[in-house]
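In this text the structure is predicted, and so the values were computed from the model without any measurement. Quick note on labels: first sequence line is chain A, next is B, and so on, each numbered from 1.
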Number of protein chains: 2
Amino acid sequence: MKKHEEQFLEYLSRKKLKNTSQRMIILKAFLRQKSHLSTEDFYLQLRKKHPGIGYATVHRTLKLFSECGIASERNFGDGQMRFEVSLDNEHHDHLVCTDCGRIIEFEDPQIEKLQLEIAQKHDFVIKDHRLELYGLCGDCQATA
Amino acid sequence: MKKHEEQFLEYLSRKKLKNTSQRMIILKAFLRQKSHLSTEDFYLQLRKKHPGIGYATVHRTLKLFSECGIASERNFGDGQMRFEVSLDNEHHDHLVCTDCGRIIEFEDPQIEKLQLEIAQKHDFVIKDHRLELYGLCGDCQATA
DNA sequence: CGATAAATTGAAATCCGTTTTCAAAATCGT
DNA sequence: ACGATTTTGAAAACGGATTTCAATTTATCG
Ligand SMILES: [Mn+2]
Ligand SMILES: [Mn+2]
Ligand SMILES: [Zn+2]
Ligand SMILES: [Zn+2]
């Protein structure tokens, strides 16, 4: 987990950006966070300990994390941007419970391979992709 | 293509909604449309022939189409809602060119099957899913 | 150290697509 | 045609993301 911090600091100096207390606080909170939080939720969380830090700063800093590669932006179609820590250059996709919001991550090399084949067949070069499976988690099937 | 019209009319009467000239005009334009248009683009298109019809009505009517099953809402992550005619209950996914916006549809039974297996493994019941491959189409690779 | 230029901050304003409001108009069963 | 109900279009409201701006903080250099 030290790698993320280094990567961010390196990005700051490379871009001639400044290292501020707010940025360090947000970074630490972000790395400790339960993932897939919306900007708003993350901000509300952070505000408990650090009421002085503004929403704009949180928003801007999360964008920085994304730019420098330590965070991934996610969009689960609910109109909120979400962020998660990105580990190395691992990729994963998501199961999303539409009832309780639970999110399960998965990785499937077979699907990834099939995606590449499809792209080739249509003369596409893939830069990115999103796969999300929406449904009910075990708990919510019981409740329903 | 008559089926869509019937399905919409049936939905209207079932929900005790009224059949208006605007709704019929929008329906015809929608069925004739080049797919994956945003509400805004569809509205601008429609307005050329029917300047009297308001954006709100177009928006509400597209929602109706979606509710009654003759349209599918799509969200390609650019902050615009898009609509397309849904054929029978066929499902398909999308290749999206991030340069020129070209959209290619595809279907892959193997991927669908693997998705089901993943869901089972995590005790999920899938209701819906989205798979989008973002990249460059053949033309745009050349240009770049 | 200071001084200074440059970057950052937080609050508020703005943006932009979506959705709602509301009074006037249209629909449709009778 | 009547009257209850629904629909319409313009404008306002909404909600999240982004920008503005004056005040503050940071980093660099003498
Ligand atoms: Mn994740
Ligand atoms: Mn399509
Ligand atoms: Zn659940
Ligand atoms: Zn292209």
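The closest donor-acceptor contact from the side chain of A:Thr143 to the backbone of A:Asp139 lies under 3.5 Å. With hydrogens and angles disregarded, no donor-acceptor distance shorter than 3.5 Å links the side chain of A:Glu132 to the backbone of A:Phe76. At distances below 3.5 Å, at least one donor-acceptor pair connects side-chain atoms of A:Thr61 with backbone N or O atoms of A:Thr57. At least one donor-acceptor pair closer than 3.5 Å links the side chain of B:Asn75 to the backbone N or O of B:Gly77.
Taking every heavy atom of both residues into account, B:Asn19 and B:Leu12 meet most closely at CA-CD1, 4.1 Å. Heavy atoms only, all atoms of each residue included: B:Phe8 and B:Leu64 are closest at CE1-CB, 4.0 Å. Shown here for B:Leu17 and B:Tyr11, the closest heavy-atom pair between the two residues is CD1-CE2, 4.5 Å. Of all the heavy atoms in A:Ala71 and A:Phe83, the pair that sits closest is CB-CD2, 4.5 Å.
By the side-chain contact (heavy atoms from CB on, under 4.5 Å) test, B:Asp123 pairs with A:Gln141, sequence neighbours left out. Residues passing the salt bridge (Lys or Arg N to Asp or Glu O under 4.0 Å) test with B:Arg14, sequence neighbours excluded: B:Glu10. Not a single side-chain hydrogen bond (donor to acceptor under 3.5 Å, both in side chains) links B:Gln45 to another residue, sequence neighbours left out.
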Show which side-chain atoms of residues 95-122 of chain B pair as donor or acceptor with protein atoms under 3.5 Å away, not counting sequence neighbours.
residue	atom	partner	partner atom	Å
B:Thr98	OG1	B:Gly135	O	3.3
B:Glu105	OE2	B:His36	NE2	3.0
B:Glu105	OE2	B:His92	NE2	3.1
B:Asp108	OD1	B:Gln110	N	2.9
B:Asp108	OD1	B:Ile111	N	3.0
B:Glu112	OE2	B:His91	NE2	3.4
B:Glu112	OE2	B:His129	NE2	3.4
B:Gln115	OE1	B:His129	ND1	3.3
B:Gln115	OE1	B:His129	NE2	3.4
B:His122	ND1	B:Ile118	O	3.0

Measure all distances between protein nitrogen or oxygen atoms and nitrogen or oxygen atoms of nucleotides 9-11 of chain D, and list the pairs falling under 3.5 Å.
residue	atom	partner	partner atom	Å
D:dG9	OP1	B:Gly52	O	3.0
D:dG9	OP2	B:Gly54	N	3.2
D:dG9	OP2	B:Thr57	OG1	2.2
D:dG9	N7	B:Arg60	NH2	2.7
D:dG9	O6	B:Arg60	NH1	3.3

Shorter than 3.5 Å, N or O on both sides, protein versus nucleotides 27-30 of chain D: list them out with atom names.
residue	atom	partner	partner atom	Å
D:dA27	OP1	A:Asn19	N	3.4

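As rounded to whole Å, 12 Å separates atom P of D:dT7 from atom NZ of B:Lys16. Distance A:Phe42 CZ to D:dA17 P: 14 Å, rounded to the nearest Å.
The salt bridge (charged side-chain N to carboxylate O under 4.0 Å, His left out) contacts involving residues 68-81 of chain A comprise A:Lys63-A:Glu73, A:Arg74-A:Glu84, A:Asp78-A:Arg82, where partners must be two or more places apart or lie in separate chains. The salt bridge (charged side-chain N to carboxylate O under 4.0 Å, His left out) analysis of residues 45-55 of chain A, with sequence neighbours excluded, yields no pairs. Listed by first and then second residue, the ring-ring contact (aromatic ring centres under 6.0 Å, His included) pairs involving residues 43-62 of chain B are B:Tyr43-B:Tyr55 (not counting sequence neighbours).
On the nucleic acid side, DNA chain C has its first and last nucleotide under 4.0 Å of a heavy atom of chain B at C:dG17 to C:dC28, going 5' to 3'.
Between its two ends, the helix from C:dC1-D:dG30 to C:dT30-D:dA1 turns its axis by 20°, counting five pairs per end and rounding to 10 degrees.
Near DNA chain D, meaning a heavy atom under 4.0 Å from it, residues 62-80 of chain A has A:Lys63, A:Gly79, A:Gln80 in order of number.
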